[in-house]
Amino acid sequence: MKEKVNQIKEVAKENISKIKDLQELQELKVKLLGKKSELTSLLKGLGGLSAEERPKIGSLVNEVRSEIEENLAKAEKKLKEKALAEKLEKEKIDITLPSVKTKRGSKHPINRVIEEIQDLFVSMGYDVIEGPELETDEFCFERLNLPAGHPARDMQDSFYITEEYLLRTQTSSVQARTMLANEEKSPIRMICTGKTYRREDDATHSHQFNQVEGLVIDKKELNVSLADLKGTLEVFVKKMIGANSELRFRPSYFPFTEPSYEVDVTCFKCGGKGCPLCKKTGWIEVLGAGMVHPNVLKMNGYDPEKYSGFAFGTGIDRLAMFKYGITDMRYLYTNDVRFLSQFDRKDEE
Ligand code: DAH
C-alpha cells in the first residue's frame with residue numbers, strides 16, 4: 001500500500017513537471033485529486049485496512065495529497081507568470097514612436113473678446129445676463145423709451161418676423177428685461193453680450209453682429225454719476241484696446257439715456273496723429289453711453305426719484321478688429337481656417 005502511494009507521488013511529480021499550459025494543468029489536477037483519482041479511491045478503501053495500518057496510510061495519503069497540491073500550485077504560478085510575460089512582450093508599445101498629431105481648433109476671435117469682456121466685468125462685480133435674440137417690439141423699443149412711430153426707430157433697420165416679433169437690433173433690450181425681472185427692485189450691475197441683427201448690407205456692416213450692453217442702477221443717495229460711467233468705460237477701453245488709449249465723450253442722442261454720449265478713443269493705429277483709419281481725426285468712435293433716462297427707469301418699475309444709473313453699449317466685432325488689427329470685417333464671418341488658425345497659439349498665452 002505504501003509503495004502504491006509513493007508511486008502515485010512520483011508519477012504525479014513527473015507529470016506536473018511536464019505540464020505545458022493551464023489547460024493541461026487543470027486536467028491533471030482533476031486526474032490526480034478529483035473524485036475519480038487514485039488517491040481518492042485509496043482514501044475510500046482505508047476502511048478495509050487493519051486498525052493499525054489505517055492511520056499510517058491515511059496520513060501518508062494526506063501528505064502526498066498536500067504535496068501534489070503544492071506542486072500544482074507552484075506549477076500554476078509559473079505558468080501564469082510565463083503567460084503574463086508573453087502577453088506583455090506581445091503587447092509592448094513603442095512609446096518612442098512619434099504620434100499622429102490631432103488637429104486642434106481654436107477659439108474664434110469674437111468669442112475670445114466676449115470672454116475677456118465678461119471676465120473683466122465679473123471682476124468688477126457685474127452679473128452676466130442673457131436675453132433672447134428673437135425679441136419683442138416691447139423690449140427692443142417700447143420699454144427703452146422708443147414708442148411706435150418714434151423717429152429714432154429709423155436709426156436701426158430691423159428684421160421684423162411678425163408685427164410683434166423682430167430679431168433684436170440691440171442688446172439694450174436686456175436692460176429692460178433685467179429691470180423688469182428684478183422684483184425687489186434692488187440695485188443692478190449687469191452686462192449682456194450677444195448677437196444683434198440689422199438690415200444693413202454695405203461693405204463695412206454685417207446684418208448680424210455682436211454687442212455688449214452694460215447697466216448699473218443704484219439708490220439715488222449713492223449717486224451713480226457720469227464720473228462713474230467715465231471711470232468704468234476707461235477701464236473697459238484701456239483693457240480691450242490698449243493702456244495708452246484716451247477717451248473723449250461727445251454729447252449725442254439715444255432715446256434710453258439722458259444725457260447721452262458717444263465715446264471716442266484715440267486712434268490705436270496712429271496714436272492720435274491722424275491717419276486713414278481715423279479719417280485724419282485722431283479719434284475712433286467706439287461706444288454709446290449715458291445716464292439711464294427717467295422714463296426707462298419708470299417704465300421698468302424703478303422709481304426715478306429713488307434710483308439712478310448709467311448704461312453703455314458697443315459693438316464687439318469692431319472691438320475684435322481693433323484689438324487684433326483685423327482689416328476686413330468679413331474675415332470674422334467667412335471662417336477661413338487660414339485666418340482662424342492664427343488664433344491657435346493665443347489660447348496658450
Ligand atoms: N443700443 C445702442 C446701439 O445699438 C448703443 C447704446 C447707446 C447702448 C447708449 C446704451 C446706451 O446702453 O446708453 O447703437
Side-chain angles (χ1 to χ4, degrees), residues 114 117 121 126-129 131-133 135-146 150-159 166-180 188-200 204-218 224-234 236-237 240 247-265 284-297 299-300 302 304 307-319 329:
I114 287 177
I117 294 173
F121 280 97
Y126 284 61
D127 295 321
V128 177
I129 311 270
E133 288 172 33
E135 189 50 283
T136 57
D137 186 275
E138 177 190 353
F139 283 104
C140 204
F141 297 129
E142 294 258 358
R143 285 185 179 277
L144 294 172
N145 204 26
L146 266 142
H150 193 289
R153 284 198 180 201
D154 293 346
M155 284 160 73
Q156 303 179 356
D157 279 323
S158 323
F159 283 116
L166 71 154
L167 295 177
R168 69 178 174 199
T169 56
Q170 50 186 358
T171 40
S172 305
S173 54
V174 186
Q175 266 194 40
R177 285 190 172 274
T178 311
M179 280 188 248
L180 205 66
I188 292 174
R189 233 183 297 175
M190 74 85 167
I191 60 158
C192 164
T193 58
K195 292 194 182 78
T196 44
Y197 304 83
R198 288 188 202 173
R199 270 199 345 230
E200 314 207 60
T204 55
H205 290 91
S206 160
H207 61 280
Q208 183 221 288
F209 51 105
N210 293 272
Q211 280 192 338
V212 55
E213 182 79 16
L215 174 72
V216 171
I217 291 180
D218 217 322
V224 179
S225 68
L226 261 182
D228 297 316
L229 171 63
K230 245 178 137 169
T232 307
L233 295 185
E234 219 164 82
F236 177 35
V237 170
M240 299 309 296
L247 268 62
R248 177 173 83 172
F249 279 60
R250 259 184 307 110
S252 182
Y253 170 77
F254 294 103
F256 24 89
T257 40
E258 180 58 39
S260 300
Y261 300 90
E262 274 174 323
V263 185
D264 299 336
V265 59
I284 294 177
E285 187 213 318
V286 285
L287 283 138
M291 302 307 293
V292 181
H293 197 294
N295 284 353
V296 174
L297 287 170
M299 268 188 283
N300 298 296
Y302 278 80
Y307 289 92
S308 65
F310 64 72
F312 57 88
T314 186
I316 291 175
D317 310 52
R318 261 162 57 86
L319 279 185
M329 162 168 266

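Ligands are counted one by one from 1 in listed order, and the atoms in each one are counted from 1 as well.
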**Prompt:** Just checking, any donor-acceptor pair under 3.5 angstrom between side chains of Glu213 and Ser172?
**Reply:**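 Judged by distance alone, the side chains do pair up.
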**Prompt:** Heavy-atom distance under 4.5 Å between the side chains of Leu144 and Pro255, does that happen here?
**Reply:**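 No. Closest side-chain heavy atoms not under 4.5 Å.
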**Request:** Select one of side chain, backbone, both or neither to describe which atoms of Ala311 lie under 4.0 Å from any atom of ligand 1, heavy atoms only.
**Result:**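 It is both parts that get close, each with some atom under 4.0 Å.
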**Prompt:** For ligand 1, is any non-hydrogen atom under 4.0 Å from Phe256's backbone (N, CA, C, O), its side chain (CB onward), both, or neither?
**Reply:**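 Just the side chain.
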**Request:** Would you sort out whether Leu319 and Thr314 count as a side-chain contact (heavy atoms from CB on, under 4.5 Å), showing the intermediate values?
**Result:** CA-CA 8 Å; Leu319 279 185; Thr314 186; 4.1 Å; yes
Ligand 1 atoms in contact with [X] (distance to a heavy atom under 4.0 Å):
{"X": "Ser172", "answer": "1 (N), 8 (C)"}
{"X": "Phe254", "answer": "7 (C), 9 (C)"}
{"X": "Gln211", "answer": "3 (C), 4 (O)"}
{"X": "Gly290", "answer": "13 (O)"}

**Message:** For Phe310 versus Leu229, what's the shortest heavy-atom pair and its separation?
**Reply:**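 Looks like CD1-CD1, 3.4 Å.
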**Prompt:** Are the side chain of Asn300 and the backbone N or O of Leu297 linked by a donor-acceptor pair below 3.5 Å?
**Reply:**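 A pair under 3.5 Å: no.
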**Gln175 N/O to ligand 1 N/O under 3.5 Å** =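 Yes, since at least one N or O of Gln175 sits under 3.5 Å from an N or O of ligand 1.
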**Request:** From the options Phe254, Phe121, Phe249, select the one residue that forms a ring-ring contact (aromatic ring centres under 6.0 Å, His included) with Phe312.
**Result:** Phe121
**Fill in**
Of Arg168, Met291, Arg198, Glu262, the residue with the heavy atom nearest atom 14 (O) of ligand 1 is Arg198
